[in-house]
Amino acid sequence: QVALLDIDICGPSIPKMMGLEGEQVHQSGSGWSPVYVEENLGVMSVGFLLSSPDDAVIWRGPKKNGLIKQFLRDVDWGEIDYLIVDTPPGTSDEHLSIVQYLSAAHIDGAVIITTPQEVSLQDVRKEINFCHKVKLPIIGVVENMSGFICPNCKNESQIFPPTTGGAEKMCQNLNVSLLGKVPLDPQIGKSCDKGQSFLSEAPESPATSSYRSIIQRIQEYCDQHHFQEEKMI
Amino acid sequence: LFSSPPERSSLAGVRHILLVLSGKGGVGKSTLSTQLALALRHSGKKVGILDVDLCGPSIPRMFRVQDSDVHQCDGGWVPVFVDQDKSISLMSIGFLLEKPDDAVVWRGPKKNALIKQFVADVAWGDLDFLIVDTPPGTSDEHISTVEALRPYKPLGAILVTTPQAVSVGDVRRELTFCKKTGLQVLGIVENMSGFVCPHCSECTNIFSKGGGEELAKHAGVPFLGCVPLDPQLSRSLEEGRDFIREFPKSAAFPALTHIAQQILDGTRQQTS
């Protein structure tokens, strides 16, 4: 049972990517109802609260924090195995708030995404430091857009070159796990734009194998964690 | 920070102010800001870049001046010059950090205060163009920057998107932001638009194609062009090199110089 919470208030991409554009949130006695992709996958996003694709959410920090609080307090998620929270880039209101509001619950950890170049890594190091500062465990780092194999000649190009050793070197230096590398695949963007599952649409893609391996490692981390917690009790 | 405010506005010598915006992260705003500055410099203009991305300041590194410090003078903070030419100057929180990996974990009000200072207290001197590079979104940084710049009548904003619908979907909201705040849209750039394989020259639309152009048409704003993915450009940014001067035959060069030319033409039309 999975819940996906989109706290990118200004740029909510999740509804489109899940094929739920145009859906609205319903309220009942037990709170806001998430929008379900499948019986076991529920989604919440500010995107569902906007009436037009042109509507902009031009809010300062406090108002964004208020909505994030509501998402956590008023959404009737039911019993879930995994709550996945998608965040905007940065180390600001949304990030501080979600960590603060979830502090009573238990956050297993954060998965941090980067691309291979130093321009990206330099920001990701800050994000890692943010996690340390707020005592958020780091499950690991994913290197996205990691190489492109030309469908015609099958040669590989490093479109975003890892001039300083990519995520691999950074993870070594900072003692965090590298969960995996996902190559560029035009089908990924296409599936997201159509709101379809890339993993189902392109099961043979090298990117699919990468995603699946990364997801497995995340699940293993969470299972281990749970086991350790129960041992402690 | 200062005992008395500067007598002459620090932006009084700046002829044109333009903002680079996007609803979406990672689409290439900082890349475009940098290349636009380089291209304008090559047309003989003096350019400044104000980097108001406080959480992820990319601009200093893109010019290989990330280790520079900011000094104060009577007129305020002295911007960092990219080279001895002094034709490109920068201001970014990147220069104010003790360590490069220090996270700026600030809520809105603190960000707003620094942005006000950046707009009011940097001694830019005489510039032809001040380019303001922003983080993605429509929040504190954007509201504060536009409010602080309003008295100086910015030229307008360039909006950057990648071709896919997921990116365009966010940039639509950025267009609404511009409308609501009275910021003129100079045009839309469709970045990462196609990749030509250096081995066999086959073009693959890795991030789809056409979304930016369609959005410009739909919204009735100018379309400034498609910039293809170009590993040479990525590498130049990594190494702090002047892509416009050093790689005129590279894939992204024509599109980038064309964007700069349209901006220049726009300002000439304004004065005539």
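Labels below follow one simple rule: chain letters A, B, ... track the order of the sequence lines, proteins then strands, and each chain is numbered from 1.
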Test item: B:Ser234 and A:Gln158 side chains (from C-beta on) under 4.5 Å apart, heavy atoms: no
Any B:Ile206 side-chain heavy atom under 4.5 Å of A:Ile188 side chain: no
Contact winner vs chain B - A:Lys194, A:Arg125, A:Glu21, heavy-atom pairs under 4.5 Å: A:Arg125
Nearest non-hydrogen partners of A:Asp193 and B:Ala165, listed with the distance: OD2-N, 2.8 Å
Taking every non-hydrogen atom, the tightest pair across B:Arg107 and A:Ser97: NH1-OG, 3.1 Å
Inter-residue atom distance B:Glu174.CD - A:Asp54.CG, 0.5 Å rounding: 12.5 Å
Proximity breakdown for B:Asn112 and chain A, heavy-atom pairs closer than 4.5 Å: side chain
Worked check of side-chain contact (heavy atoms from CB on, under 4.5 Å) between B:His142 and A:Cys10: CA-CA 11 Å; B:His142 315 85; A:Cys10 297; over 6 Å; no
Under 3.5 Å: donor-acceptor pair, side chain of A:Thr91, backbone of B:Val104: yes
Interchain contact, B:Phe207 with chain A, by part (heavy-atom threshold 4.5 Å): side chain
Selection from B:Val168, B:Leu237, B:Asp101, B:Thr176 maximising heavy-atom pairs under 4.5 Å formed with chain A: B:Asp101
Contact summary for A:Cys150 and B:Glu202, nearest pair of heavy atoms: SG-CB, 4.2 Å
Chain A contacts, top residue of B:Thr162, B:Thr31, B:Asp102 (heavy-atom pairs, under 4.5 Å): B:Asp102
Least distance between heavy atoms, A:Pro89 atom then B:Gly25 atom: CG-CA, 4.5 Å
Option in A:Thr164, A:Asn155, A:Leu50 with maximal non-hydrogen atom pairs under 4.5 Å from chain B: A:Asn155
Minimal non-hydrogen separation, A:Ser157 against B:Pro198, with atom names: OG-CD, 3.4 Å
B:Asp170, part contacting chain A, at a heavy-atom distance under 4.5 Å: side chain
Part of B:Ser144 lying under 4.5 Å from any heavy atom of chain A: both
B:Lys111 versus A:Ser92, side-chain donor and acceptor atoms under 3.5 Å: yes
Within 6.0 angstrom of B:Lys217 NZ, more than 12 heavy atoms from elsewhere: no
Evaluation steps, side-chain contact (heavy atoms from CB on, under 4.5 Å), between A:Thr163 and B:Arg235: CA-CA 8 Å; A:Thr163 63; B:Arg235 198 165 270 282; 3.9 Å; yes
Residue pair A:Asp123 / B:Ser58: nearest heavy atoms and the distance that separates them: OD2-OG, 4.0 Å
Part of B:Leu54 lying under 4.5 Å from any heavy atom of chain A: neither
Donor-acceptor pair, side chain of B:Lys180 and main chain of A:Ala56, under 3.5 angstrom: no
Student check: side-chain heavy atoms of B:Val105 and A:Lys133 closer than 4.5 Å: yes
Side chain / backbone / both / neither for A:Ile9 at chain B, heavy atoms under 4.5 Å: neither
pair B:Cys197-A:Asn152: side-chain heavy atoms closer than 4.5 Å: no
From B:Arg61 atom CZ to A:Gln117 atom CD, the distance as rounded to the nearest 0.5 Å: 10.5 Å
Contact leader toward chain B among A:Cys153, A:Gly47, A:Gly189, A:Ser52, where contacts are heavy-atom pairs under 4.5 Å: A:Cys153
Donor-acceptor contact below 3.5 Å, side chain B:Glu238 vs main chain A:Val119: yes
Any side-chain heavy-atom pair of B:Leu229 and A:Phe160 under 4.5 Å: yes
Electrostatic pair B:Glu147-A:Arg60, nearest N-O below 4.0 angstrom: yes
Interface moiety of A:Asp93 toward chain B, non-hydrogen atoms closer than 4.5 Å: both
Interchain contact, A:Lys64 with chain B, by part (heavy-atom threshold 4.5 Å): side chain
Engaged part of B:Pro109 at the chain A interface, taking heavy atoms whose separation is under 4.5 Å: neither
Leading residue by heavy atom contact count with chain B [cutoff under 4.5 Å; candidates A:Ser13, A:Gly90, A:Pro88]: A:Ser13
Region of A:Asn65 in contact with chain B, defined by heavy-atom distances below 4.5 Å: side chain
Region of A:Lys16 in contact with chain B, defined by heavy-atom distances below 4.5 Å: side chain
Greatest number of heavy atom pairs closer than 4.5 Å to chain A - which of B:Gly211, B:Gly56, B:Ser30: B:Gly56
A:Gln122 vs B:Pro60 side-chain heavy atoms within contact, under 4.5 Å: no
Max heavy-atom pair count under 4.5 Å with chain B, selected residue of A:Pro53, A:Gly61, A:Ser120: A:Pro53
Proximal component of B:Thr204, with respect to chain A [non-hydrogen, under 4.5 Å]: side chain
Contact winner vs chain B - A:Asn129, A:Ile58, A:Asp55, heavy-atom pairs under 4.5 Å: A:Ile58
Residue pair B:Gln164 / A:Pro186, side-chain heavy-atom distance below 4.5 Å: no
